[in-house]
Amino acid sequence: MLSCITVRSVVVIILVIGALVLAIADHNFRPTFGDLAKVGVGGYLGQLLPEANKRSGDSFK
């Protein structure tokens, strides 16, 4: 189980937990912290699935 954890996974977990803590602490900027967490998780998932980019034919060569 622990062999699957990478540095990238730890960074995303810290990002999401940090955004959650900041959202709890500051009610005025909750949507901003939610967007930050969404971008981080989306980038993480995009790096996990590089085959999807190759199949779409939208490569920038």
Side-chain angles (χ1 to χ4, degrees):
M1 177 72 180
L2 291 177
S3 63
C4 297
I5 297 176
T6 62
V7 174
R8 181 176 29 195
S9 300
V10 173
V11 169
V12 171
I13 290 170
I14 291 171
L15 172 74
V16 171
I17 291 173
L20 178 66
V21 169
L22 290 172
I24 291 170
D26 191 358
H27 301 287
N28 295 329
F29 289 101
R30 277 189 182 169
T32 304
F33 297 129
D35 290 341
L36 178 66
K38 282 189 254 182
V39 168
V41 171
Y44 174 72
L45 293 176
Q47 288 181 351
L48 286 180
L49 302 172
E51 297 86 24
N53 292 336
K54 291 178 186 176
R55 281 185 261 151
S56 68
D58 293 336
S59 62
F60 297 104
K61 292 183 180 180

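Leu20 contributes atom CG, which lies 12.0 Å from atom CG of Leu36 (distance to the nearest 0.5 angstrom). With rounding to the nearest 0.5 angstrom, the OG atom of Ser9 is 7.0 Å from the CG atom of Leu48. Taken from CG in Leu49 to OH in Tyr44, the straight-line distance is 10.0 Å, to the nearest 0.5 Å.
Each of Leu15, Ile13, Val16 was compared with Val41 under the side chain to side chain contact (heavy atoms under 4.5 Å, CB included) criterion, and only Val16 meets it.
Residues Phe33 and Leu22 come closest through the heavy atom pair CE1-O, 3.5 Å.
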